[in-house]
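Numbers for residues simply follow the sequence, beginning at 1.
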Amino acid sequence: MPEADEVDEEEEMPLSLRLSIADTLTLGNATCGFMAVYFTTTGILIPHLTGSQESGMARNSAATAVILMLCAAVFDLFDGLVARKLRSSPMGAELDNLSDLISFGLAPAYFVLVYGMVADDAQQRVAAVGAIVVLLAVVLRLARFSCVTVKDGTFQGMPSPFGALTVVSIVLLELPFVATLMAILGTAWLMVSRVEYPKPRGRLAVAMLSWIVLSMGLLTSWAFDAPGGQLLLQTGCALQLVTGAVIPLFATARRVNNFRDNRREARAAQLP
């Protein structure tokens with residue numbers, strides 16, 4: 001009888017490990033993150049180390065790497081929607097965290113590291129510290145996400161896809177090195193903060209998807225050196241940065257208003 005039980009357990013194990021449609025999308029997320037690291041290495045870092053002056057190739061590779069991170073964000077958006085509509089395997093949550101770590105932790109941190117090596121006014125060691133801070137912020141955020149329960153419809157801290165896109169937008173803005181580093185560290189802090197961010201559902205999900213598609217178009221025009229492409233890209237990056245800074249202000253204002261309303265209700269309840 002014990003032998004029969006062991007055989008049954010072995011036959012049931014593969015069923016629990018089958019990948020669902022949502023899991024396949026999650027693996028697409030991880031693949032995009034890895035390929036973003038690949039294009040950052042082969043198109044930006046290696047030409048810089050070998051003394052190649054092909055700025056066009058570096059621009060195309062940077063745009064491709066960021067577009068791949070945007071594609072990873074699309075996969076991350078849809079795997080959650082599909083998982084809620086259909087189903088996900090028991091591995092779904094773990095796959096999602098591991099994929100997010102690659103696409104929105106490793107890939108943007110590596111992008112910052114390479115920026116510190118190729119930019120004219122950058123300092124490699126200081127940029128390495130900034131890259132480590134970004135990576136650790138995503139690690140802490142994903143770990144906390146698995147352990148902490150927050151109210152429905154919100155995230156605690158800036159979501160890692162939004163944080164990754166904000167980090168690369170800061171780099172692409174080509175600000176002075178100190179300003180770039182401070183903005184990157186501020187984004188990392190927002191990812192581990194307690195600031196509430198709305199989950200992309202309904203109209204917000206549509207708006208997010210539209211913004212991603214628009215960003216891909218801006219990156220493509222910049223990569224092919226289209227007229228006004230540089231200005232359009234910088235405008236898009238600035239909007240991404242402003243959005244990341246404005247949302248916490250609205251969240252803080254809403255929290256203050258709720259606190260005031262609760263105090264007024266408490267005082268009104270105490271009156272005879």
Side-chain angles (χ1 to χ4, degrees), residues 32-70 72-73 100-142 157-158 160-193 215 218-219 222-223 225 229-230 233-242 244-245:
C32 288
F34 174 78
M35 292 305 297
V37 173
Y38 169 79
F39 278 99
T40 303
T41 302
T42 58
I44 303 175
L45 180 59
I46 292 179
H48 173 75
L49 295 177
T50 56
S52 174
Q53 300 297 325
E54 297 182 13
S55 59
M57 186 180 78
R59 185 169 59 249
N60 289 336
S61 298
T64 303
V66 179
I67 287 174
L68 284 166
M69 293 184 212
L70 290 167
D100 286 354
L101 179 59
I102 295 172
S103 298
F104 312 124
L106 176 62
Y110 186 71
F111 199 81
V112 172
L113 179 65
V114 173
Y115 156 75
M117 299 177 68
V118 303
D120 295 333
D121 63 339
Q123 301 178 22
Q124 181 176 340
R125 294 182 180 179
V126 179
V129 173
I132 292 173
V133 170
V134 171
L135 179 62
L136 294 181
V138 175
V139 171
L140 292 173
R141 172 178 167 67
L142 293 175
M158 179 183 286
S160 52
F162 194 86
L165 298 180
T166 303
V167 166
V168 297
S169 296
I170 294 168
V171 174
L172 292 176
L173 273 175
E174 298 181 353
L175 300 171
F177 176 73
V178 175
T180 298
L181 181 64
M182 295 303 295
I184 288 173
L185 295 179
T187 304
W189 176 81
L190 284 173
M191 283 193 280
V192 297
S193 69
S215 299
L218 296 177
L219 285 162
W222 174 67
D225 201 17
Q230 179 73 22
L233 178 68
Q234 290 182 343
T235 302
C237 291
L239 288 174
Q240 175 73 27
L241 185 57
V242 169

Q: Within this structure, what is the OG-CE distance for the pair Ser103 and Met35, rounded to the nearest 0.5 Å?
A: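 Separation between the atoms: 12.0 Å.
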Q: Does Thr50 use its side chain to pair, donor to acceptor, with the backbone of Pro47 at less than 3.5 Å?
A: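 Yes, because the side chain of Thr50 sits within donor-acceptor range (under 3.5 Å) of the backbone of Pro47.
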Q: Quick check: closest heavy atoms across Phe104 and Ser160, and the distance to 0.1 Å?
A: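 The answer is CB-O, 3.5 Å.
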Q: Nearest 0.5 Å, please: how far is CD1 in Ile170 from CE in Met182?
A: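 The CE atom of Met182 sits 11.0 Å away from the CD1 atom of Ile170.
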Q: Please identify each residue that fulfils side-chain hydrogen bond (donor to acceptor under 3.5 Å, both in side chains) with Gln230, with sequence neighbours left out.
A: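 Expected list: Trp222.
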Q: Write down the atom of Ser61, the atom of Ile44, and the distance for their closest heavy-atom approach.
A: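 Here Ser61 and Ile44 meet closest at CB-CG1, 4.1 Å.
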Q: The criterion is side-chain hydrogen bond (donor to acceptor under 3.5 Å, both in side chains); which residues satisfy it with Thr166, sequence neighbours excluded?
A: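 side-chain hydrogen bond (donor to acceptor under 3.5 Å, both in side chains) check on Thr166 returns Gln240.
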Q: Using a 4.5 Å cut-off on heavy atoms from C-beta on, say whether the side chain of Tyr115 contacts that of Val167.
A: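 Val167 does not reach Tyr115 side chain to side chain.
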Q: Going by heavy atoms in the side chains, are Val139 and Leu101 under 4.5 Å from each other?
A: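 When only atoms from C-beta onward are counted, Leu101 and Val139 do touch, with a gap below 4.5 Å.
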Q: Within this structure, what is the CG-CG distance for the pair Leu140 and Leu135, rounded to the nearest 0.5 Å?
A: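 Answer for the CG-CG pair, Leu140 versus Leu135, is 9.5 Å.
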Q: Do you know which of Leu172, Val37, Leu106 makes side-chain contact (heavy atoms from CB on, under 4.5 Å) with Phe111?
A: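 Filter result, single survivor: Leu172.
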Q: What heavy-atom pair brings Ala73 and Pro161 nearest, and what distance separates the two atoms?
A: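 Closest approach of Ala73 to Pro161: CB-CB, 4.4 Å.
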Q: Just wondering, more than 12 heavy atoms not from Tyr38 lying within 6.0 Å of its OH?
A: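 No, because the 6.0 Å sphere around OH of Tyr38 holds 12 heavy atoms or fewer from other groups.
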Q: At what distance, to the nearest 0.5 angstrom, does CE of Met158 lie from CZ of Arg141?
A: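 The CE atom of Met158 sits 9.5 Å away from the CZ atom of Arg141.
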Q: Between the main-chain N or O of Gly163 and the side-chain N or O of Thr187, is there a donor-acceptor pair closer than 3.5 Å?
A: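 Judged by distance alone, no pair lies under 3.5 Å.
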Q: Got Thr40 and Leu45 here, is their nearest side-chain heavy-atom distance under 4.5 Å?
A: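 No. Closest side-chain heavy atoms not under 4.5 Å.
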